[in-house]
**Q** 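Before I ask anything, let me first share the structure, which is written out below as C-alpha cells.
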Amino acid sequence: MPIAERYLKPSDLPAEIPVFPLRGAILLPRATLPLNIFEPRYLAMVEWVLRNDRVIGVIQPIGGDEEEESPTGKNVDLHAVGCAGRLSAFQELDDGRIAITLTGIARYHVLQECSTDTPFRMMQVDFTRFSGDFEQGRGEDKVDREKLLSVLRRYLDANHMEGDWSSIMRASSEQLINALSIMSPYGPEEKQALLEADELKSRADVLVALAEMELAASGSGEAGGTLQ
C-alpha cells in the first residue's frame, strides 16, 4: 500500500516511536532521507521497527558536542519538533551496515520521553499540530515557484554546480521544496527552521532567504557537484 494511502490522519501513526537524533539532518513529508546505519544502538532500532510498524522519528539534538552527529546516551536534549518516516527500503551490507531509506510521513511534537531498556530512545509524540502534513501538495498554490527556481539557478551557478533541470521542472513544488530543504548545506538551526515552517510557502521563503543571504555574502562559491 502506498504511504500516502497508508497514513491519512494522525491516528494512523503510533503514539510512541523510536527516534534517531541526528544533527544537521531533517526529514519532511513525502521526501526521502537515505541513511547508513552502523552503530549497534541504531542497528537494534532498525531490527525493532522491522518487527513493528516501520516508523522512525528523525529529530535534531540541542547542545552537546557540536562535532558529534548523533550524541551517545539518552541525556542530550532534543528539539521539540521532528518528522516521522516509514522505513521504506533497506539493504544489509557485507560489512554489517544497513542502508535504509526513510520516506517522510508527518511532523510531530514531542510530549515526553518513554522509559525503556532499549539502547535507542523512544518518545511519546503528537501529530495533531501538523495534521496538514497528511494532505499531499497542501499550500502549493501559494508558493512563488518562479522566484524559487530563479534563486536556485543563481545559487547553482555561483557554486559551480549543475542541476538536473528536467527532473527539477517535473517535480511538484512540494517535492522540490522538501527535497531542497533536506539536501541544503545549512547548519542545524537553519535546518530546524525549514522543518518547523508552518506551511510550504513559508518553507520556500526560508530557502530563498537563506540562499540570497549566502549569495550576497560570498558572491561565488567554490563547491562543485550535481543537484538531482
**Q** Assess the residue pair Q124 and E16 against the criterion (side-chain hydrogen bond (donor to acceptor under 3.5 Å, both in side chains)); give the C-alpha distance rounded to whole Å, side-chain angles, the decisive distance to 0.1 Å, and a yes or no.
**A** CA-CA 4 Å; Q124 182 181 355; E16 296 180 359; 5.8 Å; no
**Q** Go through it in stages, so that I can follow the logic: the residues are D164 and S166, the test is side-chain hydrogen bond (donor to acceptor under 3.5 Å, both in side chains), and I'd like the CA-CA distance, side-chain angles, deciding distance and then a yes or no.
**A** CA-CA 6 Å; D164 182 351; S166 62; 2.9 Å; yes
**Q** Going through the distances and angles, do L13 and V55 end up as a side-chain contact (heavy atoms from CB on, under 4.5 Å)?
**A** CA-CA 8 Å; L13 283 160; V55 174; 4.0 Å; yes
**Q** Is it the case that R170 places NZ or CZ above or below the six-membered ring of W165, under 6.0 angstrom from the centre and within 45 degrees of the axis?
**A** no
**Q** Check each of N52, V125, D53 against P14 using the side-chain contact (heavy atoms from CB on, under 4.5 Å) test, and report the only one that passes.
**A** D53
**Q** Any ring pair (Phe, Tyr, Trp, His ring centres under 6.0 Å) pairs touching residues 19-43, not counting sequence neighbours?
**A** F20-Y42
**Q** Tell me, with the steps shown, if L195 and V81 meet side-chain contact (heavy atoms from CB on, under 4.5 Å).
**A** CA-CA 8 Å; L195 172 69; V81 174; 4.2 Å; yes
**Q** Quick one: does any side-chain atom of R54 pair with a main-chain N or O of R86 as donor and acceptor, under 3.5 Å?
**A** no
**Q** More than 12 heavy atoms of other residues, nucleotides or ligands under 6.0 Å from CD of E92: yes or no?
**A** no
**Q** What are the two closest non-hydrogen atoms of P61 and V76, and how far apart are they?
**A** CB-CG1, 3.9 Å
**Q** Could you go step by step and tell me if E174 and R30 meet the salt bridge (charged side-chain N to carboxylate O under 4.0 Å, His left out) rule?
**A** CA-CA 9 Å; E174 180 188 67; R30 287 165 291 281; 2.8 Å; yes
**Q** Please walk me through it: do L93 and Q91 pass side-chain contact (heavy atoms from CB on, under 4.5 Å)?
**A** CA-CA 6 Å; L93 305 176; Q91 180 182 8; 3.9 Å; yes
**Q** Between K201 and D205, does at least one N-O distance fall below 4.0 Å, as a salt bridge requires?
**A** yes
**Q** Measuring only between side-chain heavy atoms, which start at C-beta, is E140 closer than 4.5 Å to I177?
**A** no
**Q** Rounded to the nearest 0.5 Å, what's the gap from CD on E69 to CG on L22? Could you check?
**A** 4.5 Å
**Q** Any salt bridge between E113 and K74, counting N to O under 4.0 Å?
**A** no
**Q** Determine, using the 4.5 Å side-chain heavy-atom cutoff (strictly less than), whether L200 and M183 are members of one ILVMFWY cluster.
**A** yes
**Q** Quick one: do D12 and K9 make a salt bridge, cutoff under 4.0 Å?
**A** yes
